[in-house]
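All of these numbers come straight from a predicted model, not from anything done at the bench.
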Amino acid sequence: MPSSLSKLFKAKAATMNIFSRRNCHASDLKTATAQESGTSASQAVRKQPEPFELVRPPKQLHINPIIGRPYIQHYGYAIPNEWLIRFAEKECPEVLLERGHKFYEFHAMMRGREHISTRSGFWSFDFKCCFNPKDGSVPTLWFEAHMAKYFKSGSDEIRAVQLDIVPVFTVCSELDESFKERPTQEQMDIMTEMIGYPPQWWVGCDYDY
């Protein structure tokens, strides 16, 4: 079956041919072509899958001086490296390197990520380091300690604060462009089933966007 774009090209070609033979029909053909173009465009819009419903959290009040804006929040799954390696060994062992290879763990993590994307059909993911507070709210002291460690500044007491940080398999962030490209509900269901626990919002502590 010809695509909408193919139909449009054929309609335009037909219009040009008839123009050369019968100029008296030009107006009718332009109208018909425009109507077909409008129908094709509306059909294309309707075919685009809807992203899953998600409410963005309130903006962080703490400013990350490295990027000059509030700490960015990401939505996804906390996945420690060890978990990802075990996941790859279980789900796709046939594509892994020999266990004694010096890049075995790195390669297994990459294959694990690819397997999740292949199964879910979602490839616009990222991995971000995020704060992992026990009660869900990042202590103010953690932000101070995070910057002190990065800039090697502040008191010894601040730099000695232990931060709980975890790698997060992110499907989107709160930023507009990323938020618009979030997965569909079906893709989220597949990822959640594979990973075994639901996603959540995390406060990123990476030094980039």
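- Closest non-hydrogen pair, Cys130 versus Gly204, comes out as SG-CA, 3.8 Å.
- Other residues, nucleotides and ligands place more than 12 heavy atoms under 6.0 Å from the CD atom of Glu89.
- Although no hydrogens or angles enter the test, the distance criterion places no donor-acceptor pair under 3.5 Å between the side chain of Arg182 and the main chain of Val171.
- Taking CE of Met109 as the start and CD of Glu82 as the end, the distance is 8.5 Å to the nearest 0.5 Å.
- Using modelled atom types, one side-chain atom of Thr170 and one backbone atom of Asp126 make a donor-acceptor pair closer than 3.5 Å.
- Residues Leu54 and Leu175 fall into different hydrophobic clusters, defined by Ile, Leu, Val, Met, Phe, Trp and Tyr side chains chained together at heavy-atom separations under 4.5 Å.
- In the displayed structure, Glu98 atom CD is contacted under 6.0 Å by at most 12 heavy atoms of other residues, nucleotides or ligands.
- Here the CD1 atom belonging to Ile116 is positioned 10.5 Å from the CH2 atom belonging to Trp123, to the nearest 0.5 angstrom.
- Heavy atoms from other residues, nucleotides or ligands lying under 6.0 Å from CD of Glu105 number 12 at most.
- The minimum heavy-atom distance between Ser173 and Ser178, with the atom names listed, is N-OG, 2.8 Å.
- Sparse packing is recorded around CZ of Phe106, with 12 or fewer heavy atoms of other residues, nucleotides or ligands lying under 6.0 Å away.
- Here the CD1 atom belonging to Ile79 is positioned 8.0 Å from the CZ atom belonging to Phe87, to the nearest 0.5 angstrom.
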Next item on the list: Tell me, with the steps shown, if Asp189 and Thr184 meet side chain to side chain contact (heavy atoms under 4.5 Å, CB included).
Entry: CA-CA 9 Å; Asp189 290 342; Thr184 64; over 6 Å; no

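- Judged by distance alone, the side chain of Asp206 and the main-chain N or O of Cys129 form a donor-acceptor pair under 3.5 Å.
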Next item on the list: Show your working on side chain to side chain contact (heavy atoms under 4.5 Å, CB included) between Asn132 and Trp202 and close with a plain yes or no.
Entry: CA-CA 8 Å; Asn132 185 30; Trp202 305 82; 3.3 Å; yes

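- In this structure, Gln73 contributes its side chain and Pro58 its backbone to a donor-acceptor pair below 3.5 Å.
- Contact of the His107 side chain with the His101 side chain is not registered, since no non-hydrogen atoms from C-beta on lie closer than 4.5 Å.
- One hydrophobic cluster holds both Phe169 and Tyr197 under the rule that ILVMFWY side chains link at heavy-atom gaps under 4.5 Å.
- Atoms CD and CZ, on Gln60 and Arg69 in that order, are 12.5 Å from each other to the nearest 0.5 Å.
- Trp83 and Tyr77 fall within the same hydrophobic cluster, where Ile, Leu, Val, Met, Phe, Trp and Tyr residues are linked whenever their side-chain heavy atoms come under 4.5 Å apart, directly or through other members.
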Checklist line | Pair Ile66-Phe151, side chain to side chain contact (heavy atoms under 4.5 Å, CB included): steps then yes or no | finding: CA-CA 10 Å; Ile66 300 172; Phe151 289 111; 4.0 Å; yes

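- The minimum heavy-atom distance between Ala108 and Leu96, with the atom names listed, is CA-CD2, 3.8 Å.
- By the 4.5 Å heavy-atom criterion applied to side chains, Trp142 and Cys205 are not counted as neighbours.
- Closest heavy-atom contact between Pro199 and Thr192: CD-OG1, 3.8 Å.
- Under the 3.5 Å distance criterion, with hydrogens and angles disregarded, no donor-acceptor pair is assigned to the side chains of His115 and Arg111.
- Put simply, the side chain of Lys149 gets close to the backbone of Val161: a donor and an acceptor are under 3.5 Å apart.
- Side-chain N or O atoms of Ser117 include one that pairs as donor or acceptor with a backbone N or O of Phe122 at under 3.5 Å.
- Side-chain N or O atoms of Arg119 include none that pairs as donor or acceptor with a backbone N or O of Met191 at under 3.5 Å.
- The structure places SG of Cys172 at 13.0 Å from NZ of Lys180, a figure rounded to the nearest 0.5 Å.
- Taking the six-membered ring where tryptophan is involved, the planes of His146 and Tyr71 are tilted, since the angle between them lies from 30° to 60°.
- The two atoms that bring Pro65 and Ile63 nearest to each other are CD-O, 3.2 Å, heavy atoms only.
- In terms of heavy-atom proximity, Ala148 sits nearest to Ile158 at CB-CG2, 3.6 Å.
- Side chains of Trp201 and Val168 form no contact here, defined as non-hydrogen atoms less than 4.5 Å apart.
- Judged by distance alone, with hydrogens and angles left aside, the side-chain atoms of Arg56 form a donor-acceptor pair with the main-chain N or O of Glu174 at under 3.5 Å.
- Atoms OH and CE, on Tyr75 and Met188 in that order, are 5.0 Å from each other to the nearest 0.5 Å.
- Under a cutoff of 6.0 Å and an axis angle of 45°, Arg113 and Phe127 form a cation-pi pair.
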